[in-house]
Amino acid sequence: MNSPQQNRTSQQMQQHAEQKRPAPKRFILIFVCVVIGLFIAGVVPRIFVSSELKKAHDETVGAVPVVHTVLAAPANATEAITLPGNIQAILYATIYARVDGYLRSRCVDIGDNVKQGQLLAEIDTPTVDEQLNQGKADLVQAQAQVLTAKAQLKEAHAKQDSAQAQVEKGQSDVDFARVTADRWQDLALRGAVSVQSKDEKVRGLNAQTAQLKADQANLKVAVADVKAAAANVQVADAGVVAKLAAVRKVTDEQSFKNVLAPFDGVITARKVDPGALITQGSQTSSLELFQMAKIDRLRIYVSVPQRVSRYLKDGMNADVLVQEWPDRKFIGKVTNVSGALDPNTRTRMTEIQIDNPDHTLLPGMYAEVRISNVREAPWIRVPGTTIVTKPDGQYVVTVIDSKAHYQRVTIGRDFGDEIEIRTGLKGQEQVVISPSDDLREGDKVDAKIIKQDS
């Protein structure tokens with residue numbers, strides 16, 4: 001039989017063992033919670049996704065596709081282009097000397113405004129001066145030779161006249177002697193005169209005939225002398241003309257000792273000082289005296305691209321913009337347009353002239369030239385994403401009566417984000433933005449217009 005102390009100890013050990021042993025109900029509860037958590041985490045989301053997919057399928061099957069559209073708007077009525085250009089003087093000249101010598105004086109300097117014919121410089125030309133004096137002396141001598149030749153011609157004419165008179169007298173004497181000889185021969189046949197008298201008359205006829213021949217020969221000589229004298233006069237006259245031309249040539253050369261301004265303008269460069277050796281001509285070895293430009297009117301040459309060159313006309317305006325004058329717009333006019341395009345650049349050379357009375361603009365400045373012109377027909381602008389390219393050309397998709405329609409178009413200018421249409425659209429059509437590849441002609445669509453920025 002156990003004692004009370006042993007029983008108490010046995011009960012405590014039994015209670016401690018019971019506390020360490022898990023209860024079956026608690027395990028079951030934990031298992032159920034885990035299963036429910038796994039079910040909620042894995043199965044419920046799938047059920048929800050399946051429901052959403054079914055709902056989306058039900059909504060899309062047989063639904064009309066939604067497309068975003070914009071209204072085709074008119075493009076600018078004018079077509080413009082801005083081109084770079086260099087401003088040049090309307091007239092520009094490099095002034096060289098036309099005669100050798102030393103620079104005696106310089107009358108102008110850089111920046112001076114000069115008038116046409118104004119004296120720019122003087123050149124000392126002693127050699128040319130002496131050549132002129134020699135030429136004048138030669139001219140006087142040639143003129144004297146002309147007078148001598150004319151006197152000789154006059155004398156030759158006098159001798160010709162004398163010889164002519166002598167021939168005429170000899171002809172009369174011959175005629176008289178022949179009549180006399182014929183008469184005396186007739187009388188001698190009848191015995192009225194002696195044979196000796198008849199022979200004397202015949203000898204007189206022969207003598208007169210011989211004298212006539214001599215006078216005729218003298219006349220021929222006199223005529224030849226007249227021709228020779230006339231030729232001498234022509235030679236002398238030609239000598240005078242040659243000497244006079246030589247004098248004029250040297251006189252012109254001497255006039256070049258005064259260097260004059262060829263036109264109204266401004267001196268842009270000066271290369272010489274008094275005392276410098278001046279050589280004539282414009283060769284590389286020659287030193288130019290001045291450079292000058294006419295800047296009351298300026299010109300700019302620009303190369304206009306082919307797509308705009310068809311608008312170019314003489315007299316049309318062009319805006320000239322210069323960075324140094326941002327608040328001022330200069331108006332130029334097209335004055336000359338090339339008759340052909342450069343095959344290398346496909347551009348057309350165009351000259352634009354600008355009035356510059358206050359000399360605000362200077363030659364050598366960089367400028368931008370803006371050329372604009374009104375189009376012959378209105379163009380339409382649409383976003384660049386509306387264009388559909390097919391093998392036979394470019395198209396846009398328009399919405400007509402809630403149906404897609406492919407409209408063929410001709411592109412005018414492509415700016416990347418925006419395109420100008422030349423033909424195919426009239427404006428206010430609903431044009432689809434970024435049409436899908438599976439969109440077919442006549443498909444029903446739900447158009448949503450997007451407001452386009454002006």
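Predicted model, so just to flag it, every value in this text is computed and none were measured. All residue numbers in this chain count up from 1 along the given sequence.
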Asks: Please enumerate all residues that pass side-chain contact (heavy atoms from CB on, under 4.5 Å) together with A367, with sequence neighbours excluded.
Replies: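 In terms of side-chain contact (heavy atoms from CB on, under 4.5 Å), with neighbours along the sequence ignored, A367 is linked to I87, I300, V320, V322.
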Asks: Would you say E441 has more than 12 foreign heavy atoms packed within less than 6.0 Å of its CD?
Replies: yes
Asks: Just grab all the salt bridge (charged side-chain N to carboxylate O under 4.0 Å, His left out) pairs involving residues 328-344, residues at least two apart or on different chains.
Replies: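 Checked against salt bridge (charged side-chain N to carboxylate O under 4.0 Å, His left out) - neighbours excluded - the pairs reaching residues 328-344 are D319-K329, R328-D358.
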Asks: Who pairs with S338 by side-chain contact (heavy atoms from CB on, under 4.5 Å), at least two apart in sequence or on another chain?
Replies: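 S338 satisfies side-chain contact (heavy atoms from CB on, under 4.5 Å) with R348, M349 once adjacent residues are dropped.
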Asks: Is it true that a side-chain atom of D138 and a backbone atom of K243 form a donor plus acceptor pair closer than 3.5 Å?
Replies: no
Asks: Can you name the nearest heavy-atom pair linking V302 to G85, along with the distance?
Replies: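 Looks like CG1-CA, 4.4 Å.
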Asks: Any pair with a residue in residues 112-137 that passes salt bridge (charged side-chain N to carboxylate O under 4.0 Å, His left out), sequence neighbours left out, goes on the list, sorted by first then second residue, please.
Replies: R104-D124, D129-K257
Asks: Which residue pairs pass the salt bridge (charged side-chain N to carboxylate O under 4.0 Å, His left out) test when at least one of the two sits in residues 162-172, sequence neighbours left out?
Replies: K169-D173
Asks: Taking all atoms of both residues into account, what is the closest heavy-atom pair of A404 and V397, and its distance?
Replies: CB-CG1, 4.0 Å
Asks: Find out whether L132 and V128 are in side-chain contact, i.e. whether some heavy atom of one side chain is under 4.5 Å from a heavy atom of the other.
Replies: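 Side chain of L132 against side chain of V128, heavy atoms only: no contact under 4.5 Å found.
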Asks: Excluding sequence neighbours, so at least two apart, what forms side-chain contact (heavy atoms from CB on, under 4.5 Å) with L260?
Replies: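 L260: side-chain contact (heavy atoms from CB on, under 4.5 Å) contacts with L119, N258.
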Asks: Of all the heavy-atom pairs spanning G424 and V409, show the shortest one and how long it is.
Replies: CA-CG1, 4.1 Å
Asks: Going by atom type alone, with no hydrogens or angles, which donor-acceptor pairs under 3.5 Å involve a side-chain atom of residues 65-75 and a protein atom two or more places apart or on another chain?
Replies:
{"from": "T69", "atom 1": "OG1", "to": "Q430", "atom 2": "OE1", "distance (Å)": "3.3"}

Asks: So Q131 and Q254, do their side chains get closer than 4.5 Å, heavy atoms only?
Replies: no
Asks: Any chance OH of Y366 has more than 12 other-residue heavy atoms, nucleotides or ligands included, within less than 6.0 Å?
Replies: yes
Asks: Measure the spacing between CG of D264 and CG of D296 and express it to the nearest 0.5 Å.
Replies: 7.5 Å
Asks: Quick check: does any side chain N or O of S162 sit under 3.5 Å from a backbone N or O of A158, one acting as donor and the other as acceptor?
Replies: no
Asks: Looking at P363 and I295, what are the two nearest heavy atoms and their distance?
Replies: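 Distance-wise, the nearest heavy atoms are CG-CG2, 3.5 Å.
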Asks: Identify, with sequence neighbours excluded, every residue that meets side-chain contact (heavy atoms from CB on, under 4.5 Å) alongside D182.
Replies: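 So D182 forms a side-chain contact (heavy atoms from CB on, under 4.5 Å) with R178, Q185.
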Asks: Tell me which pairs pass salt bridge (charged side-chain N to carboxylate O under 4.0 Å, His left out) where either residue lies in residues 401-411, with sequence neighbours left out.
Replies: none
Asks: Q353 and R297: side-chain donor and acceptor closer than 3.5 Å?
Replies: yes
Asks: State which residues pass salt bridge (Lys or Arg N to Asp or Glu O under 4.0 Å) with D446; sequence neighbours excluded, sorted by chain then number.
Replies: K448
Asks: Which distance, rounded to the nearest 0.5 Å, do you find between the CG of D273 and the OG of S105?
Replies: 12.0 Å
Asks: Taking only residues two or more places apart in sequence or in another chain, which ones pass salt bridge (Lys or Arg N to Asp or Glu O under 4.0 Å) with R299?
Replies: E351
Asks: Please set out all donor-acceptor pairs under 3.5 angstrom arising from side-chain atoms of residues 219-237, sequence neighbours excluded.
Replies:
{"from": "N232", "atom 1": "ND2", "to": "A228", "atom 2": "O", "distance (Å)": "3.3"}

Asks: What do you reckon, is NZ of K390 surrounded by more than 12 foreign heavy atoms closer than 6.0 Å?
Replies: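 Enclosed: over 12 neighbouring heavy atoms sit under 6.0 Å from NZ of K390.
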Asks: If I compare all heavy atoms of F263 with all of A93, which pair ends up nearest, and what's the gap?
Replies: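 Answer, listing the atom of F263 first, then A93: CE2-CB, 3.9 Å.
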